[in-house]
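First the structure, in the form of structure tokens, and then the observations on it.
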Amino acid sequence: MSTRPNLPPLRLHVPEPKYRPGDEADFGDIAIPAAGATPRPAVDAAPAAFHDLAYGLVRVLDDDGRAIGPWDPKLSPDTLRGILRAMAKTRAFDERMYRAQRQGKTSFYMKCTGEEAIACAQAYALHRDDMCFPSYRQQGLLIARDWPLIDMMNQIYSNKGDRLGGKQLPIMYSTREGSFFSISGNLATQLPQAVGWAMASAIKGDTRIASTWCGEGSTAEGDFHSACTFASVYRAPVILNVVNNQWAISSYSGFAGAEATTFAARAIGYGIAGLRVDGNDALAVYAATEWAAERARTNQGPTLIEFFTYRAEGHSTSDDPSAYRSAQEREKWPLGDPISRLKQHLIGLGEWDEERQAAMDLDVANEVKAAQKESEKNGILGHGMHQPMSTMFYDVFETLPWHLEEQKQDMLAEAKAAGIETS
Ligand SMILES: Cc1ncc(C[n+]2csc(CCOP(=O)(O)OP(=O)(O)O)c2C)c(N)n1
């Protein structure tokens, strides 16, 4: 160590979350602009016009659930009810699959509680064939697109109905027909892939755009930088969504850079349009996505949207958040719950009431329960083999090479000698 007595010693700054288990949480210092206060620029505005938006917060629903300001997407009551239902169904699905993991029927599950507005309202704002490159926390996209729940559950159970042949960790869905790109466990890899897909769409003169999602923690990956650079340089028709739910497992957002700036503000340096949006406000989520989609569809280039939200539950079934954050944070979160807020809005319009809400909740719970019953007929964890053992060798390459064929034969011979069932 070399020290000069006339200079102050250097100190490393290590970010520390404000609240730890047992602390009283208080989010009073988070700047929350009033609903309706943020301007809505034209979709062809130059990225330089987005400076304030990248540090502000687009909000439509006020504290009383009224929609106000230039970002109000003016959706029909039917569309609002559709989004509400998709969110409720996503929550019911999460509850049920979480319980299935606790019952030992599957090895793993991840909920998106508190973040339902992001995937569900976005699914409504995108076209059905726009290509989605999600992270593992956008199950709401499939649910809002009415993808069969039983198909999702088959994947979670790795059973004989699993279209992925039991090869993937539960919740890593892949449905080409649902325009839902294969989820990968490696964080942020989907970002440059989405940009490349969008570039290909533009090269071919196609009309479809791409949309991709990652958590704020994942923005620290190098792939985030590659994606932004390519998206900006080639004006790729892509929406880059950063879901800032404040936590990356036990690391708070400060470790990904939130102490110094916003995630939306990263857009400025890349010359990309950047919006920062209330992620628990389904109308703001819809409006921002519709705006960004319109921008992409008219060749104005990419948009980076930060959705400011809160991960209300544990990171996954393998996580216990009470070990690293204050249990009070969820109830103190200033942007509330996305489902309650949209429900309140619809009631205020005279288009909904508590009775209909209760009936809808019961209905979606029954729908999820019925799908679960059907899916479990295809098998659950611990109830024997659901896929032929040789499945593991297929699709490593398009055709099975000789050395994998040899391994497969060896495996089958050993299994037979040991009396193990192989299909
Ligand atoms: C490249 C890579 N590094 C680390 C991990 C382990 N890991 C899985 S999820 C996660 C946290 C991600 O947090 P964030 O991006 O904020 O998304 P969130 O889970 O909050 O939705 C980590 C570190 C991984 N899957 N891939």
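Residue indices begin at 1 and follow the sequence shown. Counting convention: from 1, in listed order, for ligands and their atoms alike.
- Here the heavy atom of the protein found nearest to atom 25 (N) of ligand 1 is Gly185 O, 2.7 Å.
- The nearest heavy-atom contact from the protein to atom 9 (S) of ligand 1 is Tyr136 OH, 3.2 Å.
- Between atom 1 (C) of ligand 1 and the options Arg311, Arg137, Glu221, the minimum heavy-atom separation is to Glu221.
- Remark: of the listed residues Arg325, Arg137, Arg91, Arg330, Arg330 is the sole one forming a salt bridge (charged side-chain N to carboxylate O under 4.0 Å, His left out) with Glu313.
- Scanning all protein heavy atoms for the shortest distance to atom 11 (C) of ligand 1 gives Ile249 CG1, 3.6 Å.
- A donor-acceptor contact shorter than 3.5 Å is absent between the side chain of Arg96 and the backbone of Val368.
- Neither side chain, Arg266 nor Tyr270, offers a donor N or O lying under 3.5 Å from an acceptor on the other.
- Scanning all protein heavy atoms for the shortest distance to atom 13 (O) of ligand 1 gives Ala248 CB, 3.1 Å.
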Step by step, would you call Met152 with Gln139 a side chain to side chain contact (heavy atoms under 4.5 Å, CB included)?
CA-CA 9 Å; Met152 297 169 73; Gln139 54 266 53; 4.1 Å; yes

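- Of the polar atoms of Ser218, at least one N or O is found under 3.5 Å from an N or O of ligand 1, judged by distance alone.
- Note: an N/O pair closer than 3.5 Å links Leu187 and ligand 1 by distance alone.
- Contact annotation: Cys214 has no heavy atom less than 4.0 Å from any atom of ligand 1.
- Residue Val243 places no heavy atom under 4.0 Å from ligand 1.
- Among the candidates Glu95, Glu116, Glu367, the single residue satisfying the salt bridge (charged side-chain N to carboxylate O under 4.0 Å, His left out) test with Lys89 is Glu367.
- Using a 4.0 Å heavy-atom cutoff, Met110 is absent from the residues neighbouring ligand 1.
- In summary, the aromatic rings of Tyr109 and Tyr98 are positioned with their centroids too far apart to meet the 6.0 Å limit.
- Among protein heavy atoms, atom 16 (O) of ligand 1 sits closest to Gly217 N, 2.9 Å.
- Exactly one of Thr90, Asp94, Ile171 qualifies for a side chain to side chain contact (heavy atoms under 4.5 Å, CB included) with Lys111. That residue is Asp94.
- In this structure, atom 20 (O) of ligand 1 lies nearest to the protein heavy atom Trp247 O, 2.8 Å.
- Tyr324 and Asp319 are linked by a side-chain donor-acceptor pair at a separation below 3.5 angstrom, with hydrogens and angles left out of the test.
- Against a heavy-atom cut-off of under 4.0 Å, Asn245 is close to the following atoms of ligand 1: 18 (P), 20 (O), 21 (O).
- Between Glu115 and ligand 1, no N or O atom pair is found at a separation short of 3.5 Å.
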Applying side chain to side chain donor-acceptor pair (under 3.5 Å), run through Asn241 and Ser211 and close with a yes or a no.
CA-CA 7 Å; Asn241 302 287; Ser211 190; 3.0 Å; yes

